[in-house]
Amino acid sequence: AVEGATHDEL
Amino acid sequence: MNVFRLVADLMHLASILILLLKIRKTRSAAGISFKSQLLYLIVFVTRYLDLFTHWVSLYNTAMKVFFIASSGYIVYQMQRRYRATWDPALDTFRIEFLLGGAAVMSLIFHTKFTFLELFWTYSIWLEAVAILPQLFQMSRTGEAETITAHYLFALGAYRGLYVVNWIYRYATEGYWEWIPFLAGMVQTVLYADFFYVYFSRVMRGKKFELP
């Protein structure tokens with residue numbers, strides 16, 4: 001997984 | 001995806017289209033705070049640094065590209081073609097405090113101390129206050145064009161609906177992030193005066209004027 005990039009919103 | 005988030009995203013999309021329409025139709029960026037527009041460009045660039053590393057969906061990517069591109073286009077056009085149509089002397093809010101404040105907030109309040117996460121958090125805190133130069137300019141001039149008021153309403157409604165979305169997501173999926181929730185609440189509170197005037201005047205066909 002990419003570091004910290006868990007956000008699925010805009 | 002739920003209805004609150006979808007409508008919020010569409011309001012955000014609409015707000016930018018209304019702003020572009022206002023500038024093109026009146027051939028003027030008068031009444032628009034360049035500083036707020038610059039802050040939104042910084043918000044989208046820093047938030048969507050994961051554009052090429054983290055795939056969510058075509059919808060998500062298309063919206064990210066649109067928000068970065070459109071905010072960049074608006075900032076560029078305000079500096080070039082429409083440079084003479086707006087008055088920098090009215091746009092005097094000190095954004096250094098907002099840029100610095102958001103940096104301090106993201107260094108103190110974040111979930112992970114990583115490059116992408118810190119910039120993401122920075123964009124969240126900065127977005128909460130990015131509208132202040134625009135509201136400050138309007139409080140100085142005491143009025144706004146109706147189309148500008150519609151733009152601001154759509155922009156404010158977008159984050160307000162995201163707050164509802166977060167509450168809904170917590171209730172239905174157990175998903176919770178307190179940083180965007182808090183930032184969204186701050187932004188919505190900053191909009192409170194504007195919403196009041198918008199509902200009591202602009203929605204009734206009157207001009208946006210501060211009492």
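Labels below follow one simple rule: chain letters A, B, ... track the order of the sequence lines, proteins then strands, and each chain is numbered from 1. Bear in mind that the values here come from a model prediction, so they are computed numbers and not experimental data.
Checked against a 6.0 Å centroid threshold, the rings of B:Phe4 and B:Trp166 do not count as neighbours. You'll find the ring centres of B:Phe153 and B:Phe194 outside the 6.0 Å limit.
Between chain A and the residues B:Tyr48, B:Phe67, B:Tyr158, the largest count of heavy-atom pairs under 4.5 Å involves B:Tyr48.
Every residue was checked against the salt bridge (charged side-chain N to carboxylate O under 4.0 Å, His left out) condition with B:Lys35, not counting sequence neighbours, and none meets it. Remark: B:Trp125 pairs with no residue by the ring pair (Phe, Tyr, Trp, His ring centres under 6.0 Å) rule, at least two apart or across chains.
Checking side-chain atoms of B:Asn2 against main-chain N and O of B:Arg5 turns up a donor-acceptor pair under 3.5 Å.
Residue B:Phe119: no heavy atom, backbone or side chain, is found under 4.5 Å from chain A. At a 4.5 Å heavy-atom cutoff, B:Trp55 makes no contact with chain A through either its backbone or its side chain. Proximity to chain A involves both the backbone and the side chain of B:Asn60, based on heavy atoms less than 4.5 angstrom apart. Residue B:Phe44 does not touch chain A at all, counting heavy-atom pairs closer than 4.5 Å.
Interface with chain A: from residues 96-111 of chain B, no residue qualifies, criterion being any non-hydrogen pair under 4.5 Å.
Of the charged side-chain nitrogens involved, at least one lies within less than 4.0 Å of a carboxylate oxygen, so that B:Arg169 and A:Glu9 count as a salt-bridged pair.
The side chain to side chain donor-acceptor pair (under 3.5 Å) pairs that include a residue from residues 20-34 of chain B are B:Lys22-B:Thr26, B:Lys22-B:Glu145, B:Ser33-B:Asp91, where partners are two or more places apart or lie in different chains.
Interatomic distance, CZ of B:Arg47 versus CG of A:Leu10, reported as 8.5 Å (0.5 Å rounding).
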